[in-house]
Peer 1: 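Take this structure first; my questions come after.
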Amino acid sequence: MEDGRKPIIQLIDVVKFFKQQKVLDKVSLTVREGTTMVIVGGSGQGKSVLLKHMLGLLKPDEGKVLVFGMDMAGISKKELKEVRQEYGVLFQNVALFDSMTVFDNVALPLRERTRLSEAEIRTQVEEKLAMMDLEGNDEKFPAQLSGGMKKRVGLARALILNPRIVFFDEPTTGLDVTRSNEIYRLFYKTQAQLKYTAVIVSHDVPKIFKLADYVALVAGGKIQECLTPEDFQLSENPAIKSFVKETMGPIYSSEEEEMGFYEADQR
Amino acid sequence: MGIFLFHCFLGIIKPPYKIGPVIRQINFIGARSLFVILFTGAFTGMVLALQGYYALRKVGSEGFLGSAVGLSLIRELGPVLTALMVVGRAGSAICAEIGIMRNSEQIDALECMAIDPHKYLMAPKFLAGIISLPLLTFVFDVIGIFGGYLVGVGLFGVNEGAYFQGMYSSVDWRDIHMGIVKSLVFGLLIIWIAAAKGYFLHYERSGGFGAEGVSRTTTNAVVLSSVTILVWNYLITAILL
């Protein structure tokens, strides 16, 4: 992956075991500043584990995770906090604080990490909620929101402090096509505005390719390859080829061929 | 557990200091436990007077009833029963709340936002526990003494002056000191066990996943807290007597 942009996250030969099971096997990956890295792969292949290493929630058994050049396993609690001040995270299940209103959820990072007045906090939160088309929902609790709205509140909270890196763990899982498109539109809009580096773990192939600068496939605990979306789809790597075929569907040219596929499936 | 407690104390010490979350926790742990403390305190004092009166009458020493009720409540029953009530009411709720936050990645979310969960979540609970328990124990003792008075003086006709004079002459500063030390230690233990059990839910040997995991861990926290309170009650008594 040749790119002139500065590496911001580097995973070097990361190995992770859960009990006896090797979940990550010498994984190496570089995320460059200002780019969008999409990590794809089947369920249970270690995508979220990879993400948790970048977030510093898990430590590798072997290898290194460097963020801004600092080894996440070796840094002090204070340094880790400083690194995380540059992070925004949209969790798979959003992880909104269920006993707080939408407003308080989005305001929390401002209240805890800045010395802004309540009036300034209100202005910033309302601005972010408006950006996410969530005006008028600030007094609702997460349980009163739809899945798509929860994701948008999560995105507003992730972006409230204008982070340098934003992590998205399956941002469209459980959403219908319209809501998924809405999340992608917001992602596109906010990234253009805030210029953050994005790391997206997703199943939503091929749609997610449109947003990606690089796509990495995790299979069998390894990064098979990290390529541009165009190169990824044309890759001769058997694992990638099989993934592309599975997720993008069989390319058929006639009705008979399609019928043949379904009949074969039934057998 | 020890490192967890250390980080929670650092969370209390490190600025910025926010009084709002502490007051909310005092309201939850302390004020909302008041009714159950009033109720159990009154009936504990009443039953002490009932049992004490029949026991003392056998040796013709009904005049010592006030002393017996006062000493039992201030040294032992006040701190222990108050702590057990708070374990059942607030300790279980704290463990379940933090456990659910752990299971639903809310604690991970706090960490990723560079917000220290020890300071943001735990420190106000520890402060509230240490402040609330002595106050609740004081209320328990006062109501218990009044309950004993109702039964001893009101029902059995023990002399009012003898009831209170016996108490004044036998209860000294060391007894009150022991009650305060116990309530402070119990306040710390309750929050420590409940918060740590919830926080480390994902490390539970029997699996802390889902609603069942939270309920099992909460039950464990309540049992462990209750047993620990009884053990520490003995140890503190043995040291301070």
Side-chain angles (χ1 to χ4, degrees), chain A residues 18-19 48 51-58 67 72 77-100 104-115 118 142-143 150 153-154 156-161 163-170 199, chain B residues 3-4 6-11 13-22 24-25 27-28 93-125 198-211 214:
Chain A
F18 285 144
K19 292 183 180 165
S48 294
L51 199 69
K52 284 188 174 178
H53 277 85
M54 296 185 195
L55 294 171
L57 294 172
L58 289 175
V67 180
M72 293 288 271
K77 223 181 154 195
K78 194 180 165 209
E79 287 170 321
L80 181 62
K81 201 174 165 185
E82 280 167 14
V83 168
R84 282 173 171 165
Q85 285 181 357
E86 306 290 346
Y87 281 3
V89 187
L90 179 59
F91 282 87
Q92 188 173 357
N93 66 4
V94 196
L96 294 177
F97 301 107
D98 41 21
S99 54
M100 288 184 192
D104 289 336
N105 262 285
V106 181
L108 184 72
L110 293 172
R111 286 186 178 139
E112 292 299 314
R113 282 184 25 204
T114 69
R115 290 175 183 271
E118 260 317 293
K150 278 184 197 167
V153 175
R157 188 178 68 179
L159 300 177
I160 192 75
L161 287 170
R164 276 173 74 189
I165 313 173
V166 184
F167 299 89
F168 299 81
D169 192 359
E170 314 251 2
V199 179
Chain B
I3 295 168
F4 173 80
F6 174 72
H7 283 301
C8 292
F9 273 111
L10 282 185
I13 295 162
K14 268 196 263 176
Y17 307 110
K18 292 189 178 175
I19 193 74
V22 181
R24 272 198 295 279
Q25 289 301 322
N27 177 44
F28 175 66
I94 288 169
C95 180
E97 178 196 340
I98 295 174
I100 289 169
M101 289 186 81
R102 168 62 75 193
N103 260 354
S104 57
E105 293 182 314
Q106 291 177 46
I107 291 180
D108 287 346
L110 278 176
E111 287 183 355
C112 291
M113 284 190 266
I115 298 171
D116 181 5
H118 299 99
K119 178 160 185 64
Y120 176 73
L121 277 181
M122 313 301 173
K125 290 180 170 56
Y199 191 76
F200 296 116
L201 182 90
H202 52 315
Y203 292 134
E204 282 287 309
R205 237 178 296 166
S206 48
F209 307 108
V214 174

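As the structure is a prediction and not an experimental result, all values here were calculated from the model. A note on names: the letters A, B, ... follow the listed sequences, proteins ahead of strands, and every chain is numbered from 1. Atoms considered below: every heavy atom in the structure, side chains included; atoms not considered: hydrogens, waters and symmetry mates.
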Peer 1: Indicate yes or no: does Glu112(A) engage Lys18(B) in a salt bridge with an N to O separation below 4.0 Å.
Peer 2: yes
Peer 1: Chain A heavy atoms under 4.5 Å from Lys119(B): which part of the residue, side chain, backbone, both or neither?
Peer 2: neither
Peer 1: Carefully, step by step, assess Phe91(A) and Cys112(B) under the rule side chain to side chain contact (heavy atoms under 4.5 Å, CB included).
Peer 2: CA-CA 10 Å; Phe91(A) 282 87; Cys112(B) 291; 4.0 Å; yes
Peer 1: Run Met113(B) and Gln85(A) through side chain to side chain contact (heavy atoms under 4.5 Å, CB included) and show every step you take.
Peer 2: CA-CA 6 Å; Met113(B) 284 190 266; Gln85(A) 285 181 357; over 6 Å; no
Peer 1: Measure the spacing between CG of Asp169(A) and CG of Asp108(B) and express it to the nearest 0.5 Å.
Peer 2: 11.0 Å
Peer 1: For each of Val83(A), Asn93(A), Val89(A), tally heavy-atom pairs with chain B at distances under 4.5 Å, and name the one with the top tally.
Peer 2: Asn93(A)
Peer 1: Closest approach of Met101(B) and Phe97(A), non-hydrogen atoms and distance?
Peer 2: CE-CD2, 3.9 Å
Peer 1: Under a 4.5 Å heavy-atom cutoff, which of Leu80(A), Leu55(A), Leu161(A), Asp98(A) has the most pairs with chain B?
Peer 2: Asp98(A)
Peer 1: Assess the residue pair Asp116(B) and Lys77(A) against the criterion (side chain to side chain contact (heavy atoms under 4.5 Å, CB included)); give the C-alpha distance rounded to whole Å, side-chain angles, the decisive distance to 0.1 Å, and a yes or no.
Peer 2: CA-CA 10 Å; Asp116(B) 181 5; Lys77(A) 223 181 154 195; 4.0 Å; yes
Peer 1: Determine whether more than 12 heavy atoms belonging to other residues, nucleotides or ligands lie under 6.0 Å from atom CZ of Phe18(A).
Peer 2: yes
Peer 1: Is Met100(A) in contact with chain B via its backbone, its side chain, both, or neither, using a 4.5 Å heavy-atom distance?
Peer 2: side chain
Peer 1: At a heavy-atom separation under 4.5 Å, does Arg157(A) approach chain B through its side chain, its backbone, both, or neither?
Peer 2: side chain
Peer 1: So for Leu96(A), is it side chain, backbone, both, or neither that comes closer than 4.5 Å to the heavy atoms of chain B?
Peer 2: backbone
Peer 1: Count the heavy atoms of every other residue, nucleotide or ligand shown that sit under 6.0 Å from CD1 of Ile13(B), and state whether that count exceeds 12.
Peer 2: yes
Peer 1: Restricting to non-hydrogen atoms, name the atom on Ser104(B) and the atom on Ala95(A) that form the minimum distance, rounded to 0.1 Å.
Peer 2: O-CB, 3.6 Å
